[in-house]
Amino acid sequence: MSQLPDPNPNADASPLGRASSYRDTYDASLLYPMSRQPKRDEIGLSGELPFMGCDLWTAYELSWLTPRGKPQVALLNLTVPCESPAIVESKSFKLYLNSFNMSRYESSDAVRELLVGDLSAAFGVRVGVKLVPPELFDAQPIHELSGRNLDRLDIECDRYTPAPELLSANHDELPVEETLTSHLLKSNCLVTGQPDWGSVQISYSGAQIDEAGLLRYLVSFRQHNEFHEQCVERIYMDIWQRCRPTTLQVYARYTRRGGLDINPWRTSHPAAPPVNVRTARQ
């Protein structure tokens, strides 16, 4: 396992958006950790987090060689606790995975053990790693997020940077428990400005959230530049502070880019994480 850099708060120094030479032999130093804290500072998070959760990654481009030189492939499912001090910049993750392409390993278990060690060191916390072999590819399901679809609403939208003031809840009526979804979440990469497309699920109990305002708020991310994990934490905190639910979960499924999808989930209370099932757009 190669020495990994300390988390860097500076996205501009990452390999994202830069010309890169692709290495096809194993090199863990390609991983580029970035501290979560600077973006959390922006939304007033310091000290103990007011939520729990994880980031569910899927990598579709993982391959290596057997000792006899025969290529192997697998899907990689990664679970990163939100308490990790760092995220890993996605292009560096792709470059790291490409470095396995011409490296030889005794078994898929050996590859998995290497991934666990390298990625746990990069994220700064023990991560979950699962390899899905080709014989199980056909069993991988596709399923849309459950809940009432906000996109049915005929609304006028004129805000395209995050506008938490659009959020409200009716505290004069009886509390509700419901799940709402939208496919209209879009933000942009913090470094390159490339579009990130996502679907989002919001489950809560408490005062009923105004659906039109919530949908307009989600649309307001359309020209916002932030990584997936940061957008979901911003959405969570805005709803938590503006609508004051009793419980809250926010889960987003983002379409893949560079052979990776990143799907953050945040919850106010202990709960089993979502099963990492891709949507049709992924």
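Just so we're clear, the structure is a prediction, and the values are computed from it rather than from any experiment.
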Mind running salt bridge (charged side-chain N to carboxylate O under 4.0 Å, His left out) on Asp55 and Arg266 for me, showing each step along the way?
CA-CA 9 Å; Asp55 304 323; Arg266 301 293 182 266; 2.9 Å; yes
Kindly give the cluster partners of Trp265, where membership spreads through any ILVMFWY side chain lying under 4.5 Å from a current member.
Leu56, Leu145, Tyr251
Connecting only ILVMFWY residues whose side-chain heavy atoms lie within less than 4.5 Å of each other, what is the rest of Val275's hydrophobic cluster?
Val277
So, taking the atom named [atom1] in [X] and the one named [atom2] in [Y], what distance separates them when rounded to the nearest 0.5 Å?
| X | Y | atom1 | atom2 | value |
| --- | --- | --- | --- | --- |
| Leu248 | Met237 | CG | CE | 10.0 Å |
| Leu180 | Asn149 | CG | CG | 9.5 Å |
| Leu214 | Tyr204 | CG | OH | 8.5 Å |
| Leu119 | Ser84 | CG | OG | 11.5 Å |
| His183 | Ser199 | NE2 | OG | 5.0 Å |

Counting only heavy atoms not in Glu106, do more than 12 fall under 6.0 Å of its CD?
no
Tell me whether the count of non-hydrogen atoms from other residues, nucleotides or ligands lying under 6.0 Å of CE in Met52 goes above 12.
yes
Check for me, please, whether [X] and [Y] land in the same ILVMFWY cluster - side-chain distances under 4.5 Å, paths through other members count.
| X | Y | answer |
| --- | --- | --- |
| Tyr60 | Phe100 | no |
| Leu49 | Val127 | no |
| Tyr236 | Phe227 | no |
| Leu167 | Leu153 | yes |
| Val176 | Trp240 | yes |

Side chain to side chain, [X] and [Y], heavy atoms closer than 4.5 Å:
| X | Y | answer |
| --- | --- | --- |
| Leu185 | Asp196 | no |
| Tyr26 | Trp64 | no |
| Ile239 | Ile202 | yes |
| Pro50 | Leu45 | yes |
| Leu184 | Leu218 | no |
| Asp118 | Leu31 | yes |
| Asn188 | Gln194 | no |
| Ile87 | Val80 | no |

Counterpart residues, side chain to side chain donor-acceptor pair (under 3.5 Å), relative to [X] (two or more places apart):
| X | result |
| --- | --- |
| Glu165 | Arg159 |
| Arg152 | Glu211 |
| Arg242 | none |
| Asn276 | Thr58, Arg253 |

Which atom of [X] lies closest to which atom of [Y], heavy atoms considered:
| X | Y | result |
| --- | --- | --- |
| Ala59 | Leu260 | CB-CD2, 3.5 Å |
| Ser146 | Gln201 | O-NE2, 2.8 Å |
| Ile262 | Pro264 | O-CD, 3.6 Å |
| Asn170 | Ala207 | O-CB, 3.4 Å |

Please tell me whether Ser205 and Thr247 have a donor and an acceptor in their side chains that are separated by less than 3.5 angstrom.
yes
Just distance, no hydrogens or angles: give the donor-acceptor pairs under 3.5 Å from side chains in residues 65-77, sequence neighbours left out.
residue	atom	partner	partner atom	Å
Thr66	OG1	Arg68	N	3.3
Thr66	OG1	Gly69	N	3.4
Thr66	OG1	Lys70	N	3.1

Derivation of the salt bridge (charged side-chain N to carboxylate O under 4.0 Å, His left out) call for Arg36 and Glu229:
CA-CA 9 Å; Arg36 291 188 191 262; Glu229 302 95 329; 5.3 Å; no
Does Tyr160 use its side chain to pair, donor to acceptor, with the backbone of Cys157 at less than 3.5 Å?
yes
Could you check whether any side-chain N or O of Ser120 sits under 3.5 Å from a backbone N or O of Val116, counting only pairs where one atom can act as donor and the other as acceptor?
yes
Qualifying residues under salt bridge (Lys or Arg N to Asp or Glu O under 4.0 Å), relative to [X], sequence neighbours excluded:
| X | answer |
| --- | --- |
| Lys39 | Glu42, Glu226 |
| Arg40 | Glu233 |
| Asp109 | none |
| Glu178 | Arg148 |

Anything under 30° is parallel, anything over 60° is perpendicular, the rest tilted; go ahead and classify Tyr254 against His228.
parallel
Aromatic ring pairing Trp57/Phe93, orientation class (parallel under 30°, perpendicular over 60°, tilted between)
parallel
If the condition is ring pair (Phe, Tyr, Trp, His ring centres under 6.0 Å), which residues does Phe221 pass it with, not counting sequence neighbours?
Tyr217, His224
